[in-house]
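Order of the sequence lines fixes the chain letters, A, B, ..., with proteins taken first and strands second; residue numbering starts at 1 for each chain. All heavy atoms count here, side chains included; hydrogens, waters and symmetry mates do not. Only a predicted model underlies this, so the values are computations on that prediction, with no experimental measurement involved.
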Amino acid sequence: MKLKEQINLYIEDALANASIKVENISVSEAGKPEFGDYQFNGIMPLAKTLKRNPREIAAEVVSCIDTSGLITKAEVAGPGFINLWLNDSWMSEAAGRMLADPRVGVEKKPYPIKVVIDYSGPNMAKEMHVGHLRSTIIGDTLSNLLSFLGDEVIRQNHIGDWGTQFGMLIAYLEEIGLETGSKNLKDLEQFYKSAKRRFDEDAAFADKAREYVVKIQSGDPHCLKLWKKFIDISLGHCEEIYDKLDVNLGREDVRAESFYNEKLPEVIKALEEKGHLQVSEGAKCVFLEGEEIPLIVQKGDGGYLYATTDLAALWFRAEALGAKRISYVVDARQAGHFKQVFRVAKESGLVGEDVLLEHIAFGTMMDKGGKPFKTRDGSTVKLVDLLDEAVIRAKEAIKAKEEYSPAELENLARIVGIGAVKYADLSIHRESNYIFDWEKMLSLEGNTSLYQQYAYARIMSIFRKYDGEIGQTIVVGNEIEHRLVLLLLRFSDVLERAAKDAAPHQITSYLYDVTTLFMRFYEQNPILREHVEESVRQSRLALSALTANVIRQGLSILGIGVVERL
RNA sequence: GCGCUCAUGGCUCAGCUGGAUAGAGCAUCGGUUUGCGGUACCGAAGGUCACAGGUUCGAAUCCUGUUGGGCGUACCA
């Protein structure tokens, strides 16, 4: 249910009845409880053109607002605000419908589109590090979100499986044998270093490595086989991480860099035909108006570049996959690159005008001192290590609480630990750099996943204790219930806006509000205590259930689990 | 040099198309319990929204400039 849209309709009617034209009819959430639930601020800008007192106009509109349904009261306030109060029984009914709905009141889009979301993108020659974490988590959340809202989401993992370093790596893999190789590949960093050492120390090996690069590219069966094996093993390790992270990214979503190889000459040809290509200093480039530096698509030696592959991928995604929105979840430092690539794709017609291209940029992960996140010795932190540490720390944080079997504790620690890492990342505005802090992340206080998982478990505990049928009727009976129901009814609006802005933190922030408000409600409104009237008890139980549903569904979109007991 | 981006209480962050007295959490100080999970809840204190102009009925938000930080700047990805 789209609450805001419904309120807008009332305002629209009132304005029509008052014969007043407003361009942008949209109410906003009231800043304070005394200002009601929603407010409409669209009157004041009119005052000047109409040469009338804004309060007078507002009063006229207010008198035309239908207060027999959703809205129960409308008032003029301040210089010409219109404050709106929503009707409790209308809200109660809406909340009841939401409770009965498995989709928690969120309708699917009537006109879904195909959306490609490009995220994670690890390099097969290197270990996945914390830099991949944000792309993976944010991309996965957006995919979950858009697909929940009804779009057809095509996840694309654009893995880096091509380049000169693979000659060296497969030569080394061949040398040490597949068996030892696949074991050693668990630590890619180490594997790479060993291969590099061989390359630097042994001229014969170096020659072979260079030879293998050429052989892979020319399709030599032996080298191709080795290369495929290498990629397979390396990708397997990434999948272990996806598994740990509980991210929906599988083999079927992988469309590697190498996939686009044969399309690269076609990209050049297409650009040439459109007359966009210029040769500058030996390289084939596209010069864009207003841009100082051209986009180079083919090197002087004939080799292709990152930009060429990206253009090929855009082309493929728009043409073959039929995407109408293509989103790249990539580090903010590449903003310039994408700006150029997108422009070239559009101007050359590789991608149609009706396709939305967006760079979902994110900032860098910092340590507590505000420096880029590194290990003590200054190397990049491996993602596996980070995730394992999260689980260990989560175990520490929860094990004192109750008696669990080792298996239960392991599972719980995984949900809590991984959830904390993800939530910490998603709860920050994605474009800003964020500070990685274990203590804060696994704290039960403040805007964390654990606080919400705890609240959820508490609600579950109420139901365990009650142990009976829970009604579906919610009756708003007091101020705090009114506020809680109102907030829950906004769920759909929040998801929609978060999808539009590609901003997961809007969801975390909302869930935090829900949880906080529920805690307050629960503190003030007894549910299971003896003196509580049965109908009130039922309503409060139903309200608790609805709250739990919203928390569970919201966290699920973020890829975070909940538990019955904590 | 040019371009992009950021600057909000001691710390970490919100602040939606400009809207009413700029909101949270942590830390600090104080309070709540015959305990529906106190790992909770309530309250207090704490901000010239980097600075200076401008636009507007109204600016943390838009425009210009200044200062300070981060990043990017043609054959890496």
- Query: Hey, are E481(A) and R483(A) close enough for a salt bridge, meaning a charged N less than 4.0 Å from a carboxylate O?
  - Reply: no
- Query: Hey, would you say the F259(A) and F316(A) ring centroids sit under 6.0 Å apart?
  - Reply: yes
- Message: Regarding K368(A) and E439(A), does a basic nitrogen lie under 4.0 Å from an acidic carboxylate oxygen?
- Response: yes
- Candidates A77(B), C13(B), A40(B) - which lies nearest the side chain of E257(A): A77(B)
- Task: Check every strand shown and say whether A455(A) touches a base, only sugar-phosphate, or nothing at a heavy-atom separation below 4.0 Å.
- Result: nothing
- For atom NZ of K440(A) and atom C1' of A14(B), their distance in whole Å: 12 Å
- Message: Are F518(A) and F521(A) an aromatic pair, judged by ring center distance below 6.0 Å?
- Response: yes
- Determine, answering yes or no, if Y512(A) is stacked on A24(B) under the 5.5 Å centre rule and the 30° plane rule. no
- Query: I428(A) has a side chain; which of C41(B), C57(B), A14(B) sits nearest to it?
  - Reply: A14(B)
- Does any N or O donor sit under 3.5 Å from an N or O acceptor when you compare the side chain of D513(A) with the base of A14(B)? no
- Message: Quick check for you: among C75(B), A40(B), U12(B), whose closest atom lies nearest to any side-chain atom of L305(A)?
- Response: C75(B)
- Message: I'd like to know whether the aromatic ring centres of F40(A) and F81(A) sit less than 6.0 Å apart in this structure.
- Response: no
- Specify the separation, in whole Å, of atom CG of L288(A) and atom P of U73(B). 16 Å
- K368(A) side-chain N/O to C11(B) phosphate OP1/OP2 under 4.0 Å: no
- Below 4.0 angstrom from OP1 or OP2 of C6(B), is there any side-chain N or O of H429(A)? no
- Task: Return the minimal non-hydrogen interatomic distance between L46(A) and V22(A), and the atom names on each side.
- Result: CD1-CG2, 3.6 Å
- Query: Quick one: Q39(A) CD to C16(B) P, roughly how many Å, whole number?
  - Reply: 13 Å
- Task: Report yes if at least one side-chain N or O of K32(A) is closer than 4.0 Å to OP1 or OP2 of G23(B); otherwise report no.
- Result: yes
- Task: Return no unless some side-chain N or O of R520(A) is found under 4.0 Å from OP1 or OP2 of C42(B).
- Result: yes
- Item | Residue whose nearest RNA chain B nucleotide is more 5′ - N525(A) or W162(A) | N525(A)
- Query: Base, sugar-phosphate, or nothing for E431(A), non-hydrogen atoms under 4.0 angstrom?
  - Reply: nothing
- Message: Regarding R393(A) and E396(A), does a basic nitrogen lie under 4.0 Å from an acidic carboxylate oxygen?
- Response: no
- Over how many whole Å does the gap from E292(A) atom CD to G72(B) atom C1' extend? 12 Å
- Item | Pairing annotation in dot-bracket form, given for RNA chain B with Watson-Crick or G-U pairs under 3.5 Å and | for cross-strand partners | (((((((..((((.....[...)))).(((((.......))))).....(((((..]....))))))))))))....
- Message: What contact category does H337(A) fall into here, base, sugar-phosphate, or nothing, at under 4.0 angstrom with non-hydrogen atoms?
- Response: nothing
- Query: Heavy atoms under 4.0 Å, any strand shown: does A335(A) hit a base, just sugar-phosphate, or nothing?
  - Reply: nothing
- Message: What contact category does R540(A) fall into here, base, sugar-phosphate, or nothing, at under 4.0 angstrom with non-hydrogen atoms?
- Response: nothing
- Query: Pick the nucleotide of RNA chain B nearest each of A332(A) and F521(A); which residue has the one closer to the 5' end?
  - Reply: F521(A)
- Pick base, sugar-phosphate or nothing for A361(A), based on heavy-atom distances below 4.0 Å to the nucleic acid. nothing
- Query: NA contact type, P54(A), heavy-atom cut-off 4.0 Å: base, sugar-phosphate, or nothing?
  - Reply: nothing
- Could you please name the option among A40(B), G19(B), C36(B) that lies closest to any side-chain atom of E445(A)? A40(B)
- Task: Select base, sugar-phosphate, or nothing to describe what I527(A) touches, counting heavy atoms under 4.0 Å on all strands.
- Result: base
- Item | Shortest side-chain distance from Y454(A), nucleotide among A77(B), G38(B), C36(B) | G38(B)
- Query: Looking across every strand, which nucleic acid part, if any, lies under 4.0 Å from K339(A) by heavy atom: base, sugar-phosphate, or nothing?
  - Reply: nothing
- Between A40(B), C16(B), G35(B), which nucleotide has the shortest distance from any of its atoms to the side chain of R529(A)? G35(B)
- Note on the structure: In E5(A), E29(A), E496(A), the residue satisfying salt bridge (charged side-chain N to carboxylate O under 4.0 Å, His left out) with R490(A) is E29(A)
- Message: Between Y512(A) and Y451(A), is the ring centroid distance below 6.0 Å?
- Response: yes
- Checking all strands, does R333(A) fall into the base, sugar-phosphate, or nothing category for heavy-atom contacts under 4.0 angstrom? sugar-phosphate
- Query: With a non-hydrogen cut-off below 4.0 angstrom, is T364(A) in contact with a base, only sugar-phosphate, or nothing?
  - Reply: nothing
- Task: Kindly state whether the pair F81(A) / G19(B) counts as stacked, where counting means centroids closer than 5.5 Å and planes tilted less than 30° apart.
- Result: no
- Item | From D331(A), T364(A), D425(A), residue fulfilling side chain to side chain donor-acceptor pair (under 3.5 Å) relative to R134(A) | D425(A)
- Look at all strands and tell whether Y522(A) reaches a base, only sugar-phosphate, or nothing, counting heavy atoms closer than 4.0 Å. base
- Message: Base, sugar-phosphate or nothing for G160(A)? Non-hydrogen atoms, less than 4.0 Å.
- Response: nothing
- Message: For a quick check of understanding: with a heavy-atom distance under 4.0 Å over all strands, which category does D501(A) fall into, base, sugar-phosphate or nothing?
- Response: nothing
